[in-house]
Number of protein chains: 2
Amino acid sequence: MATDHTRSAILTAAERLYADRGFADVTLRDIVAAAGVNLAAVNYHFGSKDELIAELFVTRSLATNRERLNELKAAEEAGGGRADIGVVLRALVGPTLRGCLGPDKQRSDAARFMIRASIESVPPIRKIKNREVDHLRKFAAAMKRALPDRDEVDLYWGLHFALAMAHQTIRDTERLTKLSDGKCDLNDVDAITDRVVAVAALALTTATGRAAKTARITRAVG
Amino acid sequence: MATDHTRSAILTAAERLYADRGFADVTLRDIVAAAGVNLAAVNYHFGSKDELIAELFVTRSLATNRERLNELKAAEEAGGGRADIGVVLRALVGPTLRGCLGPDKQRSDAARFMIRASIESVPPIRKIKNREVDHLRKFAAAMKRALPDRDEVDLYWGLHFALAMAHQTIRDTERLTKLSDGKCDLNDVDAITDRVVAVAALALTTATGRAAKTARITRAVG
DNA sequence: CATAGTTTCATACGTCTGTTTGAAATGCAA
DNA sequence: TTGCATTTCAAACAGACGTATGAAACTATG
């Protein structure tokens, strides 16, 4: 064992390559070349390519979830067991956004790997991913504490939309930049987080009747 | 030429398989087996696998864009050159949502194929996809007409978020269903469209100062 | 019917993939 | 140093992939 240099070199190289180019385009030979180790090392240390991916994913998954929950717990403890809905949402989308966007320097391979994992549904990950729901349930519960009068279904949709906006912003940076001719600043992570949280919170705090009615009217007009 | 049964059989089978299982998991041999034709037929009729995918994508892409623009134009003409922001957004997200969600019967392979295409970034599609921005620009312009006083950047973000919510809802149906224990009805397409449009419109019509301030406050509190 | 052109077919090719193998190298205790 | 276990390495393996080939089966025109 010792420091197991080879093992961690593989993990680092694999994470970076997968984050950069996705799962489909990266072969074991690419990984071992980047890691500077022999081809057989992957199978020796991890058993198979799938097990390497799975280990990468569970490690990062646990870390991200821990970060999110820490932020949530700190906020709820500070608020006496209940946090503002905006703070809850920020704890949900903040960690991932910070990891994936912003200046190159602070952009981590880890966060970008997680995005890849959530985009490209590769078999070894798909099986593990179902546990994510249990993690999100904690946030749904916190949202319920923040907005006890709100209909449960609305809360789920709000959580879903918040993740959708954060997720898509990370994934499709290019399109928004082109569409806006660079006017949308994708480097200001705090501002982006503000936007996502603001929209989700707004949707959750506005009277559902009014929103639904507006939508129905526009539908009738259209 | 005649009816070119083989050609269209390949297209149909390929679209369905790609929609169901994604690009990575579907081989030419899967396609020709499903289409009931010979392996060499793909290369004979389309030149290569990539060209088959490209043809599939441009066909569907043009159809979707046409549908969206028809809805937009009809609304703007009815409104004397300017449509309500909700109607514009509905024209943007409605066609795709209708095609991808709802009861199995009305769910089309075409729409699901397009979602796959937007998720898994396969080389032959990636090159073509840049044109989508030009299409979206027309919606950005319509949004500007609907909300002439709104800051341009806000409009781009609103458009981006609307697409994000629609897109993610289609893509991650399973997670939301599980999280909500089935309480979120993914079969009621109109209701879902209402929600997406309502949230996006709400974000676009609420005073930006208030939203930003709320976000900043929650950030400070957290 | 004959024939030229098109389409289908079985089959094979070359390449790339993840994985395996057995020998060589290394680390470490006695 | 000797001996044993761990780790590395070059090389090869079997399988799957997209593609190419040439003969066979069609279709339609004269």
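Values below: every heavy atom of this structure, side chains too, minus hydrogens, waters and symmetry copies. We name chains A, B, ... by the order of the sequence lines, and we start the count at 1 in each one.
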Original post:
How about A/Leu163 and A/Thr96: do any of their side-chain heavy atoms sit closer than 4.5 Å?
Top reply: no
Original post:
What's the CG-P distance between A/Asn43 and D/dA11, to the nearest Å?
Top reply: 18 Å
Original post:
Whole Å only: how far is the CZ atom of B/Phe23 from the P atom of D/dC17?
Top reply: 17 Å
Original post:
Any idea which of C/dC9, D/dT8, C/dT19 is nearest the B/Ala40 side chain?
Top reply: C/dC9
Original post:
Counting side-chain heavy atoms from C-beta on, which of D/dT8, C/dT7, C/dC9 comes nearest to B/Asn38?
Top reply: C/dC9
**OP:** Determine whether the side chains of B/Ser48 and B/Glu51 contain a donor N or O and an acceptor N or O closer than 3.5 Å.
**Re:** yes
**OP:** Side chain of B/Tyr44 only, please: which of D/dA10, C/dT19, C/dT7 is the nearest?
**Re:** C/dT7
Original post:
To the side chain of B/Leu28, which of C/dT6, C/dA10, D/dG18 is closest?
Top reply: D/dG18
Original post:
Are any of the side-chain heavy atoms of A/Arg68 and A/Phe139 separated by less than 4.5 Å?
Top reply: yes
**OP:** Go through D/dC17, C/dT8, C/dG18 for me and flag the one nearest to the A/Arg29 side chain.
**Re:** C/dG18
Original post:
For C/dT7, does either OP1 or OP2 sit under 4.0 Å from a side-chain N or O belonging to B/His5?
Top reply: no
Subject >> Which nucleotide in D/dT21, C/dA12, D/dA12 has an atom nearest any side-chain atom of B/Leu39 >> reply: C/dA12
Original post:
Using the ring of each side chain (for Trp, its six-membered ring), is A/His160 parallel, tilted or perpendicular to A/Trp157, with breaks at 30° and 60°?
Top reply: perpendicular
**OP:** Please state whether the phosphate of C/dT8, meaning OP1 or OP2, lies under 4.0 angstrom from any side-chain nitrogen or oxygen of B/Thr6.
**Re:** yes
Original post:
Does a side-chain N or O from B/Ser48 land closer than 4.0 Å to OP1 or OP2 of D/dG18, or not?
Top reply: no
Original post:
Between A/Asn130 and B/Lys178, is any side-chain donor less than 3.5 angstrom from a side-chain acceptor?
Top reply: yes
Original post:
Just wondering, are more than 12 heavy atoms of other shown residues or ligands nearer than 6.0 Å to CZ in A/Arg21?
Top reply: yes
Subject >> Taking every non-hydrogen atom, the tightest pair across B/Arg112 and B/Cys100 >> reply: N-SG, 4.0 Å
Original post:
Rounded to whole angstroms, how far apart are CZ on B/Arg7 and P on C/dT7?
Top reply: 11 Å
**OP:** Could you tell me, to 10°, how much the axis swings from one end of the helix from C/dC1-D/dG30 to C/dA30-D/dT1 to the other, five pairs per end?
**Re:** 0°
**OP:** Specify the separation, in whole Å, of atom CD1 of A/Ile31 and atom P of C/dT17.
**Re:** 11 Å
**OP:** For B/Lys49 and D/dA16, give me the distance from atom NZ to atom C1', rounded to whole Å.
**Re:** 11 Å
